[in-house]
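A short worksheet on the structure shown next.
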Amino acid sequence: MIKLFVSAAFITVAFTSSSFADEMAKATCDDATMMMVMDTIKKDVDPKMADGVKMATEEMMMADKSMKDHKMDDCSMHIDMAKKAMMMK
């Protein structure tokens with residue numbers, strides 16, 4: 001019984017973490033993603049996150065510039081960096 005529980009827990013964690021990693025890796029450079037990330041940045045008013053918000057905002061400005069220059073790989077990278085900046089404390 002314990003083996004079954006541990007196995008189920010392990011499988012759940014393995015699939016959850018890989019789907020989370022896939023979600024993070026899929027930062028597409030489009031208007032919808034840009035709006036979603038910017039909305040997340042604007043909603044975070046925690047004073048402890050001021051540095052993360054500043055970094056994320058700068059990354060999104062660079063992502064916007066890359067998008068306008070049709071550099072989609074750079075744009076996606078900056079969106080990923082903005083998401084990571086919002087997770088830092």
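The analysis underlying the following values was restricted to heavy atoms, covering all of them including side chains, and did not include hydrogens, waters or symmetry mates.
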Verdict with supporting geometry, K65 and D74, side chain to side chain contact (heavy atoms under 4.5 Å, CB included): CA-CA 9 Å; K65 183 179 182 324; D74 289 347; over 6 Å; no

Is the backbone N or O of V53 less than 3.5 Å from a side-chain atom of T57, with the two atoms forming a donor-acceptor pair by type? yes

Contact summary for M86 and A56, nearest pair of heavy atoms: SD-CB, 3.6 Å

How close do V37 and K83 get, heavy atom to heavy atom, and via which atoms? CG2-CE, 4.0 Å

Atom CG of residue position D30 - does it have more than 12 heavy atoms of other residues, nucleotides or ligands inside 6.0 Å? yes

Correct closest heavy-atom pair for S66 and C75 would be CB-N, 3.6 Å

For residues M49 and A85, report the shortest heavy-atom separation together with the two atoms involved. CE-O, 4.2 Å

Whichever hydrophobic residues join M81 through chains of side-chain contacts under 4.5 Å: M77

Following the transitive rule for hydrophobic clusters with a side-chain heavy-atom cut-off under 4.5 Å over Ile, Leu, Val, Met, Phe, Trp and Tyr, establish whether M36 and M62 coincide in one cluster. no

If I compare all heavy atoms of D31 with all of M67, which pair ends up nearest, and what's the gap? OD1-CE, 3.3 Å

Just wondering, are more than 12 heavy atoms of other shown residues or ligands nearer than 6.0 Å to CG in D73? no

If you measure from SG on C29 to CE on M34, what distance do you get to the nearest 0.5 Å? 6.0 Å

Test salt bridge (charged side-chain N to carboxylate O under 4.0 Å, His left out) on K43 and D39; report intermediate values, then the result. CA-CA 6 Å; K43 288 179 184 176; D39 286 345; 5.8 Å; no

Measure the CE-OG1 distance between M60 and T33 for me, rounded to the nearest 0.5 Å. 8.5 Å

How many angstroms lie between OG1 in T28 and CD1 in I79, if you round to the nearest 0.5 Å? 6.5 Å

